[in-house]
Amino acid sequence: MHGSNTFMQVFFKKWLLGLKHGGISSKNMSFLERKRAIKVSADIAMAFAKHGRTWSQALVTNLSKQEENKAMVNAIFEDVEYHKKKSSSSSPSYHDKPCYNTRSKKILRRSLQVCSMVRKRRHKKPSNGVGAKILARDLVKKRTNLLKKLVPGGDSMDDFSLLDETFDYIISLQAQVDLMHLLAKVLGVLNTKN
């Protein structure tokens, strides 16, 4: 469950560019400022490397809303127009409600009918099977809502897209961690030689 070599190469190249632009080597930065700059540059580089995914576009959109991140986003994306085209293209805004088509309305209507039937049955005769189903459905709904909060852009995704984007996001985060460990190990070896 690791990122591809091309993803790692693009991520590493853009991350180094972000680190350079963020002034990480500056002696004037505090520990917390340096930590934040490393994290932001890594997130932007990871989003750049996975530029076609919903979570990556949402991550860049959220990061570029903060004034202190705009210069780094522009440096990593190299072309401000490219970033503007991505955010203003036909892709949905991450703050808009998802568009429901007629099939979704039918599914919603059918599920509401099933829920009302279950409620009616619950009052008539208690059944362990129905109660377990309701409990399981509520648990899945709670966990799905939690997942939507964790994955950038998750609020605008349906459940199936959310799972696909979450899987890709986890792989990208794992690749980010692997690269950071590798860089820390290399820098540690270099520091011990000096």
Side-chain angles (χ1 to χ4, degrees), residues 2-4 6-99 142-159 161-184 187:
H2 299 285
S4 68
T6 54
F7 167 77
M8 299 283 264
Q9 290 171 353
V10 171
F11 168 72
F12 191 66
K13 178 182 173 188
K14 293 298 180 177
W15 185 38
L16 290 178
L17 178 67
L19 292 174
K20 180 180 173 185
H21 185 77
I24 300 302
S25 60
S26 170
K27 302 279 187 207
N28 298 334
M29 289 183 95
S30 71
F31 175 77
L32 291 176
E33 290 173 329
R34 186 171 284 121
K35 175 184 161 187
R36 186 186 171 291
I38 291 169
K39 173 73 173 125
V40 168
S41 64
D43 284 347
I44 296 170
M46 181 177 67
F48 180 87
K50 286 286 190 171
H51 65 280
R53 304 302 294 215
T54 303
W55 65 261
S56 66
Q57 294 172 356
L59 187 62
V60 170
T61 301
N62 291 339
L63 287 172
S64 55
K65 285 180 184 174
Q66 299 167 353
E67 194 63 39
E68 62 269 12
N69 297 337
K70 286 184 180 181
M72 193 176 301
V73 169
N74 290 340
I76 289 177
F77 277 82
E78 294 175 343
D79 184 14
V80 179
E81 291 304 313
Y82 170 78
H83 177 62
K84 286 181 183 176
K85 286 178 188 175
K86 278 299 223 187
S87 61
S88 67
S89 67
S90 62
S91 63
S93 171
Y94 302 108
H95 304 289
D96 295 343
K97 302 267 186 224
C99 176
K142 285 179 185 176
R143 289 184 178 174
T144 302
N145 288 336
L146 178 64
L147 196 58
K148 284 184 177 190
K149 291 176 186 174
L150 291 174
V151 176
D155 293 335
S156 65
M157 294 180 217
D158 62 286
D159 293 348
S161 298
L162 179 67
L163 292 175
D164 181 45
E165 292 286 330
T166 301
F167 183 69
D168 188 67
Y169 186 56
I170 290 170
I171 290 173
S172 299
L173 286 173
Q174 183 62 49
Q176 183 184 43
V177 169
D178 291 346
L179 259 172
M180 288 180 165
H181 277 257
L182 183 65
L183 186 62
L187 290 175

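What you see below is based on every heavy atom in this structure, not just the backbone, and it leaves out hydrogens, waters and symmetry mates.
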- Query: Step by step, would you call L183 with F12 a side-chain contact (heavy atoms from CB on, under 4.5 Å)?
  - Reply: CA-CA 10 Å; L183 186 62; F12 191 66; 4.2 Å; yes
- Item | Over all atoms of both residues, closest heavy-atom pair of Y169 and L150 | CE2-O, 4.2 Å
- Task: Indicate yes or no: does K70 engage E67 in a salt bridge with an N to O separation below 4.0 Å.
- Result: yes
- Trace of the side-chain contact (heavy atoms from CB on, under 4.5 Å) decision for L173 with V177: CA-CA 6 Å; L173 286 173; V177 169; 5.6 Å; no
- Using a strict 4.0 Å threshold on nitrogen-to-oxygen distance, state whether D168 and R53 make a salt bridge. yes
- Message: Test side-chain contact (heavy atoms from CB on, under 4.5 Å) on N62 and K65; report intermediate values, then the result.
- Response: CA-CA 5 Å; N62 291 339; K65 285 180 184 174; 4.0 Å; yes
- With distance as the sole test, does N69 use its side chain to make a donor-acceptor pair with the main-chain N or O of S64 at under 3.5 Å? no
- Item | Least distance between heavy atoms, P152 atom then A58 atom | C-CB, 3.5 Å
- Taking side chain as C-beta onward, heavy atoms only, is R34 less than 4.5 Å from I38? yes
- Message: Given 3.5 Å as the limit, does a donor-acceptor pair link the side chain of E165 with the main chain of T54, or not?
- Response: yes
- So, does K14 use its side chain to make a donor-acceptor pair with the main chain of I76 at under 3.5 Å? yes
- Query: Got L182 and D178 here, is their nearest side-chain heavy-atom distance under 4.5 Å?
  - Reply: no
- Message: Are M46 and D43 packed together at the side-chain level, in the sense that at least one heavy-atom pair is separated by less than 4.5 angstrom?
- Response: yes
- Rounded to the nearest 0.5 Å, what's the gap from CZ on F11 to CD1 on I44? Could you check? 11.0 Å
- Report the distance from atom CD of Q176 to atom CZ of F7, rounding to the nearest 0.5 Å. 7.5 Å
- Item | Test item: K148 side-chain N/O and L162 main-chain N/O as donor-acceptor pair under 3.5 Å | no
- To the nearest 0.5 Å, what is the distance between CG (L147) and OG1 (T166)? 4.0 Å
- Query: Are any non-hydrogen side-chain atoms of M180 and W15 less than 4.5 angstrom apart?
  - Reply: yes
- Task: Kindly compute the distance separating CG (L59) from CD (Q57), expressed to the nearest 0.5 Å.
- Result: 11.0 Å
- Message: I'd like to know whether W55 forms a side-chain contact (heavy atoms from CB on, under 4.5 Å) with S172, so could you lay out the CA-CA distance, the side-chain angles of the two residues, the decisive distance to 0.1 Å, and finally the verdict.
- Response: CA-CA 11 Å; W55 65 261; S172 299; 3.3 Å; yes
- Query: Is any side-chain heavy atom of M157 closer than 4.5 Å to a side-chain heavy atom of V151?
  - Reply: yes
- Message: Under a 3.5 Å threshold, yes or no: a donor from one side chain and an acceptor from the other, between S161 and D164?
- Response: no
